[in-house]
Structures are given as C-alpha cells and as structure tokens.
Amino acid sequence: MKILVLNCGSSSLKYQLIDMEQEKVMAQGLLERIGIPGSLLTHIPNGNAGEKVKISRDVPDHKVGIQMVIAALQDENHGVIKDMGEIDAVGHRVVHGGEKFADSVIIDDEVMKVLHECAELAPLHNPANILGIEACSSLMPGVPQVAVFDTAFHQTVPQEAHIYGLPYEYYEKYAVRRYGFHGTSHKYVARRCARLLGRPLEELKIVTCHLGNGCSLTAVKNGISIDTSLGFGTISGPIMGTRCGDVDPAVIPFLMEKEGLTAAEMNNILYKKSGLLGISGVSSDMRDIEAAAAEGNERAQLALDIFAYMNRKYIGAYAAAMGGLDAIVFTAGIGENGIAIREKICQGLEFLGAVIDPEKNKVRGQEAEISRDGSTVKIYVIPTNEELMIAQDTLELVKGRRGCCCCR
Ligand code: AMP
C-alpha cells in the first residue's frame, strides 16, 4: 500500500510518498510560494538518496500545487509511480482538532464540517490544511483521506492539567484551555522509546522533549499524554526560537500600555521576537546562539542558560506529575543534534536517577541511548518521524484495523 502524506501550510506544502510494505519513503518534496510569484517545487525521488529535482512554475493555489506534486510523482524521469491510481490513501497533517478529535479520523463530510469549526482555534494553520484536503478530494475522488491532528494525542490530558485558572465561562464560551501540539511527534518517539527499552509502553513514565524551532515537553504516562507544555496557543513552556515560553501574564497588559501596543502587535512580539532571539539579540537558531556564546556573547550565554533551565524544570515537574520517571527522550532539530544543550539540560537531573554519558551523548540525528550505564532513568535521542506516524495511522484506519475515533 502506498500512502501520500501531505503537510499543507498557507503558502507551502510538504509531501512524502511512503510504501508501507517496507515503510520506505519513495519520494518526498517541498512546494514553496503557493499563491506567490516564483513558486518552486523541490522533489527528491527515492527518499533522501535521489537527486533533487527543482521545478518552477506558477502555482496560484493548493489544487494546482497538488496537481504538480502528483505529476512529479508520475514523471517518466524522476517519478516513482506509473499512475496516480497507485496512491491508495492520503494522510493529512492537521494542526488543530479542538476537543472533537482524540485520534486520527477518516475524512468525510461530517468531519469536514467539524474541521471548519476548529479553524477558529488555529486560524493560521487549519484553513491551509482544509485547502489541501479539498484539493485532494477533487483531484483523487474515491481515494480515502485521513486527518492526523497535532492536538489529538493530548486529548487524554486530564482537566486538572488542561483547564486554566481563568473564569470557567471562557472555557465554556470559547473553548479556552490547554490543547498541546506536536502530538504526532510525541506519540511516535514515545512508542520508539518503549521499543528501545524493550518494555510495554503501557507501563512506562516518559518525558518526551520535542526541541526544534518550536518546543514542547510531554509527560507520557502508561502510553498516554497526561500533561504537555504548549497550551491554547503555541507559546507556553520553555522558551523557543522566537517564542517567549512561560511569562507572567501580568507582563502583557503592562507592556501593551507602556508601549501603546495593539493585541496583534503584542502577539507578534510574543511569537516572533522573543525566546532565544529576543533574549540574545543574535538569532533564533540554536547553532548561532551556541557560536555567539562560545565567543563570549553574554546575552547568547544567558539565552542558553534559560533554555536549559526551563527544560530541566519541566522534566522535573513532569516526573512529579507522573510519580516517577523511566526515560527522557530528546527529539527534533535541537533535541536530535544539540549535543552541548542536551548535556546542559541534564545537568542537575542526577537526583532523579537520570545521568547523561558525555561520550555516548556525542551523537547527532540517530537513535541512541545517551545515559550512563547504571542510570536508572534512561536518556535517548530518537529522531522524530511525523510523516511515518501519519502514514501508519492512515494505513490502520483505511484497512479498518482500528475503529474511527469520530467526533465526541
Ligand atoms: P526544527 O524546527 O526541528 O527543524 O529545529 C530547528 C532547530 O534545530 C534550530 O534552532 C537549529 O539551530 C537546531 N539545530 C540543528 N542542528 C543543530 C546542531 N547541530 N546543534 C544545535 N542545534 C541544532
């Protein structure tokens, strides 16, 4: 079975075609500048091994974009299938499932209706995801489509961890609560962690640290998410590349008044001008921050210190929330590659039984245990693979191997 995995943004589209027999990527690519002059498709046949093919053409909308992707997949030179009919199903990454979706779901008219309702909660992302689904429905009628939500894995977070200390009516009126994101990634690495430990996921307490440009930590207890650091939006938790992380809410109206900022301007500061970038004044990129700190830039060093401290604090908090800890997993750009920052985060966690091994920690982008022999809490690097997780969910639903979660 061949599954096309699509991640549609407002002006870009990422895709992978995965052969599920061997869970092998047949082709992948990125289409940029949809609806903007200078659209460019970068297509890589045969996973990462193939030569990159670059195709530029005007792409006014997502439908034309997906048509272009399908054409690239069938092309006689760089294609990997003969006919579009070889695509058995499409798995879509959908950012927000609100409270309606606690699992992936086969898309039908009823689901589409609910997806439109959820769009209010993720106005920058869900509309683009919907455009991708609609384009596929018209280009590939009859091919089953599945929505896999960033939020779904966290729908198990109990009320005590997802209701904010605000008047309850705002939850009732506007569904203001913690949702959590990166769920597909947390779910994938938690499953892999159980495999590596050789123990059932259902009996483990794991903190999964998805540390990329966006960061979130999740407490995965007995296989389910019981707390996670991102919330209603995608700015809470530890500081991120440009996002502020946890800030006393009192600061926000204070700054708005002092600087005469509108809500949109304040939002822009919290999401785009804060975090590693805001503190250091150097960059949002961890590699630049590390380089600047090594050259003696004190604010870059401060940004590193804060990043490590906040992550360490969350790991400790989640160990307490779960009543113990079996493993810590690092994933995403910083988690998979940041040797120094992983060591820095773990310094001070020895009291929990988590001891990092500086030698084993010298790994990048591959699955590895990085805790010292005898460390009672195992520490792992596990590259995330959200596309494969989406394809696995799609396969299971399409083959009817598990029930559809449907709307609650
Ligand atoms: P992502 O959003 O998952 O693509 O992650 C992007 C982040 O990963 C950026 O902050 C990069 O600086 C960081 N990153 C990538 N490679 C490294 C590396 N070798 N060391 C430290 N951070 C890295």
Side-chain angles (χ1 to χ4, degrees), residues 1-8 13-26 28 66 69-70 81 84-118 122 125-126 129-156 179-192 194-195 201-202 220 223-225 384-408:
M1 198 175 216
K2 297 183 182 78
I3 293 177
L4 179 63
V5 175
L6 283 181
N7 181 353
C8 291
L13 181 169
K14 282 191 218 152
Y15 63 93
Q16 283 192 5
L17 183 67
I18 303 180
D19 182 345
M20 295 307 287
E21 302 294 314
Q22 307 106 45
E23 294 193 338
K24 186 172 156 267
V25 178
M26 300 173 72
Q28 61 187 314
I66 292 171
V69 169
I70 294 170
I81 51 174
M84 193 169 95
E86 286 181 50
I87 300 173
D88 296 294
V90 185
H92 294 267
R93 176 196 179 213
V94 180
V95 169
H96 219 305
E99 290 191 311
K100 304 286 186 192
F101 299 106
D103 205 347
S104 305
V105 64
I106 295 187
I107 298 168
D108 59 17
D109 291 346
E110 183 57 28
V111 168
M112 283 309 281
K113 211 173 117 223
V114 183
L115 286 185
H116 279 284
E117 285 164 21
C118 293
H125 297 102
N126 272 33
N129 304 148
I130 290 170
L131 285 175
I133 295 167
E134 287 171 346
C136 287
S137 303
S138 78
L139 293 167
M140 299 183 243
V143 176
Q145 299 192 64
V146 169
V148 179
F149 303 93
D150 269 21
T151 50
F153 183 57
H154 303 300
Q155 276 296 301
T156 46
Y179 289 97
F181 297 88
H182 300 137
T184 312
S185 174
H186 289 291
K187 182 171 158 184
Y188 176 80
V189 297
R191 282 188 182 183
R192 285 298 310 156
R195 282 276 186 90
L201 184 58
E202 293 70 29
V220 184
I224 63 168
S225 169
T384 194
N385 195 339
E386 289 162 280
E387 292 79 11
L388 181 58
M389 190 78 250
I390 292 171
Q392 285 173 347
D393 270 14
T394 303
L395 180 74
E396 281 188 23
L397 280 170
V398 168
K399 286 212 154 178
R401 284 194 197 143
R402 72 175 196 224
C404 179
C405 78
C406 284
C407 315
R408 286 198 284 148

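None of these values were measured; they are calculated from a predicted model. Residue numbers run from 1 in the order of the sequence given. Heavy atoms only: backbone and side chains are in, while hydrogens, waters and symmetry mates are out.
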Engineer: Can you confirm whether I390 sits close enough to T184 that some side-chain heavy atom of one is under 4.5 Å from a side-chain heavy atom of the other?
Structural biologist: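 Yes, their side chains come closer than 4.5 Å.
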
Engineer: Of all residues at least two apart in sequence or in a different chain, which pass the side-chain hydrogen bond (donor to acceptor under 3.5 Å, both in side chains) check with N129?
Structural biologist: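 With neighbours one apart ignored, the set is empty.
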
Engineer: Between E387 and Q28, is the side-chain hydrogen bond (donor to acceptor under 3.5 Å, both in side chains) condition met? List the steps.
Structural biologist: CA-CA 10 Å; E387 292 79 11; Q28 61 187 314; over 6 Å; no

Engineer: Identify, with sequence neighbours excluded, every residue that meets side-chain hydrogen bond (donor to acceptor under 3.5 Å, both in side chains) alongside Y179.
Structural biologist: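 Not a single residue meets the side-chain hydrogen bond (donor to acceptor under 3.5 Å, both in side chains) criterion with Y179.
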
Engineer: Using a 4.5 Å cut-off on heavy atoms from C-beta on, say whether the side chain of V146 contacts that of H92.
Structural biologist: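 Of all side-chain heavy-atom pairs linking V146 with H92, none is under 4.5 Å.
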
Engineer: Please check this pair: side chain of H154 against backbone of F181, looking for a donor-acceptor N/O pair closer than 3.5 Å.
Structural biologist: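 Such a contact is found between H154 side chain and F181 backbone.
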
Engineer: Determine yes or no for a side-chain-to-main-chain donor-acceptor pair under 3.5 angstrom, with T156 supplying the side chain and S225 the backbone.
Structural biologist: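 Side chain of T156 to backbone of S225, a donor-acceptor pair under 3.5 Å: yes, one is there.
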
Engineer: With sequence neighbours left out, what residues match A391 under side chain to side chain contact (heavy atoms under 4.5 Å, CB included)?
Structural biologist: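 Only I3, V5, I18, M20 meet the side chain to side chain contact (heavy atoms under 4.5 Å, CB included) criterion with A391.
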
Engineer: Could you work out, with side chain to side chain contact (heavy atoms under 4.5 Å, CB included) as the rule, every residue matching K2, not counting sequence neighbours?
Structural biologist: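 By the side chain to side chain contact (heavy atoms under 4.5 Å, CB included) rule, K2 matches L17, M26, I81, E86, D88.
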
Engineer: Could you tell me whether a side-chain N or O of T394 sits under 3.5 Å from a main-chain N or O of V90, the two making a donor and an acceptor?
Structural biologist: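 Checking the backbone N and O of V90 against the side chain of T394, no donor-acceptor pair under 3.5 Å is found.
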
Engineer: Could you walk me through whether H96 and F101 satisfy the ring pair (Phe, Tyr, Trp, His ring centres under 6.0 Å) test, starting with their C-alpha distance in whole Å, then the side-chain angles of each, then the deciding distance to 0.1 Å, before giving a yes or no?
Structural biologist: CA-CA 9 Å; H96 219 305; F101 299 106; over 10 Å; no

Engineer: With sequence neighbours left out, what residues match Q22 under side chain to side chain contact (heavy atoms under 4.5 Å, CB included)?
Structural biologist: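 With sequence neighbours excluded, Q22 shows a side chain to side chain contact (heavy atoms under 4.5 Å, CB included) to D19, K24, given in chain and number order.
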
Engineer: Taking C-beta and beyond as the side chain, do R191 and L201 meet within less than 4.5 Å on heavy atoms?
Structural biologist: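 They are in side-chain contact.
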
Engineer: Which residues satisfy the ring pair (Phe, Tyr, Trp, His ring centres under 6.0 Å) test with F153, sequence neighbours excluded?
Structural biologist: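 Counting only residues at least two positions away or on another chain, F153 forms no ring pair (Phe, Tyr, Trp, His ring centres under 6.0 Å).
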
Engineer: Hey, does the side chain of Q16 reach the backbone of L6 with a donor-acceptor pair shorter than 3.5 angstrom?
Structural biologist: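 No.
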
